[in-house]
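First listed ligand is number 1; within each ligand, the first listed atom is number 1.
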Amino acid sequence: MNAKQYVDQVFEQVVKRNPGEPEFHQAVQEVIESLVPVLEKHPEYIEAGILERLVEPERQIIFRVPWINDNGKVVINRGFRVQFNSAIGPYKGGLRFHPSVYIGIVKFLGFEQILKNSLTGLPIGGGKGGSDFDPKGKSDREVMKFCQSFMTELYRHIGPDIDVPAGDIGVGGREIGYLFGQYKRIKGAFENGVLTGKHIPYGGSLVRTEATGYGLVYFTHEMIKAKGMSFSGKTVVVSGSGNVAIYATKKVQELGGNVVAMSDSNGFIYDKDGIKLDTVQQLKEVERKRISEYVKIHPASEYHEGCTNIWTIPCEIALPCATQNEINEASANILIKNGVKAVGEGANMPSTLEATKVFQENGVLFAPAKASNAGGVATSALEMSQNSMRLHWTFEEVDSKLKDIMTNIYKVSSEAAEKYGYKDNLVVGANIAGFLKVADAMYKQGIV
Ligand code: NDP
Ligand code: 2IT
């Protein structure tokens with residue numbers, strides 16, 4: 001069997017074995033199709049069933065999360081943790097709390113995490129988890145109750161050398177704090193390396209809050225710099241207004257770019273003179289309100305319903321930082337018609353396979369999520385290092401390590417692309433560079 005036939009057969013099996021999980025199929029398809037040239041050079045990986053093993057999680061945990069809301073009503077949510085691959089380190093990846101979470105979403109995110117974590121150059125395997133719990137409109141007390149119940153089951157599956165969760169959509173510092181408090185109470189030990197994204201006083205790392213957004217801009221900057229471009233004076237659209245979007249916007253503004261639009265799941269704001277980030281931070285990080293409130297404070301700006309309509313705003317650089325499949329083929333075509341030159345993915349898999357193809361066929365510089373948003377998990381790994389050493393690095397130290405890591409991810413991804421005959425195709429380059437380390441580790445550890 002040749003490499004192409006092998007890949008097709010593995011993909012067919014994935015679809016058959018994981019019915020009704022289109023996001024997982026999509027993530028797998030994008031990765032394994034680009035591995036054909038690697039498998040041609042390494043027939044021993046086919047022999048050792050590396051791909052069949054890579055696409056099958058080592059362990060999938062699904063559990064009941066019962067809690068009582070402020071009205072005294074019993075509420076049941078579902079919790080998930082997929083421990084996907086531990087070839088190069090303990091499982092590592094975020095927790096997502098959003099009503100759309102089901103096993104297919106957790107598997108897609110966990111699968112992406114394997115190669116992303118490998119690209120960071122740090123010793124972390126791939127995992128992901130979450131719940132269909134919706135934090136919107138819940139009181140702090142309800143969020144705490146939910147987090148405590150969630151951890152009461154999860155604690156038995158995780159640990160600083162086993163599996164280290166962090167945040168993702170709907171999970172930020174507040175949730176990590178409640179989760180850690182309950183873990184510590186159950187274990188009766190101060191094992192702060194069990195979670196990352198912690199607050200600073202109990203072992204959090206400086207820069208972790210900013211890391212995904214800053215890292216995205218560092219990576220995108222490397223990509224556009226190679227073609228003689230910079231952020232200075234560019235019109236930029238950033239979707240989302242959560243953790244990743246806010247700190248991507250902050251770094252773009254520092255580099256002299258003009259971010260003119262941001263969004264949430266209801267709609268988007270357009271402020272042609274530049275988004276006032278302080279207002280967005282106050283509304284989103286402090287008051288947890290809708291982004292539509294922005295126009296009341298800045299009446300010269302506009303609010304439009306429909307989050308994906310944000311891609312109709314003309315820009316030279318687009319940074320999708322909200323959620324999966326938020327840019328489809330039609331949106332990609334509109335962006336191109338309006339003159340987009342570069343796309344940097346902050347969210348996980350924000351472009352559909354068709355949209356990615358449209359960007360690449362039209363010469364748009366394209367930074368794929370597993371490379372460009374790896375700064376968050378990389379800084380999580382730096383948080384784990386500091387916890388192990390019982391030391392605390394300064395903001396400048398961590399930020400400079402983050403910058404080096406993102407620059408290196410760009411370098412290894414573009415070199416792998418070129419080496420395997422896909423010059424400038426960072427999708428293929430990132431997949432190959434991430435895969436090689438994991439495959440080598442799996443191969444050397446035998447059939448496990
Ligand atoms: P947050 O919860 O902080 O923010 C999410 C933002 O995206 C909000 O503005 C939210 O709007 C919007 N959003 C969420 N779901 C949807 C949806 N279904 N449709 C439209 N808009 C939506 O999450 P993060 O900023 O942490 O995560 C954003 C993306 O970045 C995700 O894809 C995540 O996986 C990825 N990521 C996050 C990392 C991290 O370190 N946090 C690291 C790497 C990737 P609303 O408030 O209305 O729901
Ligand atoms: O998608 C991601 O990389 C994250 N949500 C961050 C994971 C982490 O462990 O910091």
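Here the heavy atom of the protein found nearest to atom 14 (C) of ligand 1 is I169 CD1, 4.0 Å. Closest protein heavy atom to atom 22 (C) of ligand 1: S265 CB, 3.9 Å. Among protein heavy atoms, atom 15 (N) of ligand 1 sits closest to H98 NE2, 3.6 Å. The shortest contact between atom 32 (O) of ligand 1 and any protein heavy atom is with N348 N, 3.1 Å. Closest to atom 33 (C) of ligand 1, if we only count protein heavy atoms, is D168 OD1, 3.3 Å. For atom 48 (O) of ligand 1, the closest non-hydrogen atom on the protein side is K136 NZ, 2.9 Å. Closest protein heavy atom to atom 25 (O) of ligand 1: V244 N, 2.9 Å.
Partner V82 forms a side-chain contact (heavy atoms from CB on, under 4.5 Å) with one of K107, E58, R59 and no other, that one being K107.
Side-chain N or O atoms of R64 include none that pairs as donor or acceptor with a backbone N or O of I76 at under 3.5 Å. Not one N or O on the side chain of E175 forms a donor-acceptor pair closer than 3.5 Å with the backbone of G167.
Ring pair F146/F97: centre-to-centre distance below 6.0 Å. Aromatic ring centres of F180 and F190 lie closer together than 6.0 Å.
By heavy-atom distance, the residue among G376, G170, G242 lying nearest atom 2 (O) of ligand 1 is G170. Here atom 43 (C) of ligand 1 lies nearest to T212 when heavy atoms of T323, T212, N243 are compared. Closest to atom 28 (C) of ligand 1 by heavy atom, among A322, G240, G167, A211, is A322. Compare G94, A347, G375, C307 by their heavy atoms: the one nearest to atom 30 (O) of ligand 1 is in A347.
No salt bridge links E210 with K250; every basic N to acidic carboxylate O contact stays at or beyond 4.0 Å. With respect to the salt-bridge test (charged N to carboxylate O, under 4.0 angstrom), the residues K145 and E142 do not qualify.
For R156, the CZ atom counts as densely surrounded, since its 6.0 Å shell holds more than 12 non-hydrogen atoms of other residues, nucleotides or ligands. In R78, the CZ atom is not crowded: 12 or fewer heavy atoms of neighbouring residues, nucleotides or ligands sit closer than 6.0 Å.
Ligand 1 is never approached by E326 to a heavy-atom distance shorter than 4.0 Å. In this structure, S241 counts as a contact residue of ligand 1, since one of its heavy atoms falls inside 4.0 Å of the ligand. Look at M349 and you'll find every heavy atom at least 4.0 Å from all atoms of ligand 1.
Below 4.0 Å from some heavy atom of C321 lie the following atoms of ligand 1, by number and element: 28 (C), 29 (C). Shown in contact with R290 at under 4.0 Å from a heavy atom are these atoms of ligand 1, numbered in order with element: 45 (P), 46 (O), 47 (O). Within ligand 1, the atoms closer than 4.0 Å to a non-hydrogen atom of R96 are 31 (C), 32 (O), 33 (C), 34 (O), numbered from 1 in the order shown.
Atom CD1 of residue I409 and atom OG1 of residue T120 lie 6.5 Å apart, to the nearest 0.5 angstrom. Atom OG1 of T209 sits about 8.0 Å away from atom NE2 of H199, to the nearest 0.5 Å. Note that CD of Q386 is 5.0 Å distant from CH2 of W393, once rounded to the nearest 0.5 Å.
At a 3.5 angstrom cut-off on N or O pairs, K116 does not count as close to ligand 1.
Neither the backbone nor the side chain of K289 comes within contact range of ligand 1; no heavy atom lies under 4.0 Å.
Listed by chain and residue number, the protein contacts of ligand 2 are K92, G93, G94, Q113, K116, K128, A166, G167, D168, R208, N348, G376, V377, S380 (heavy atom within 4.0 angstrom).
In this structure, K184 forms no cation-pi arrangement with Y202, as its terminal cationic atom is not both closer than 6.0 Å to the ring centre and no more than 45° off the ring axis.
Partners of W67 under the side chain to side chain donor-acceptor pair (under 3.5 Å) rule, at least two apart in sequence or in another chain, are N77.
Ring planes of F395 and Y214: perpendicular class, angle over 60° (limits at 30 and 60°).
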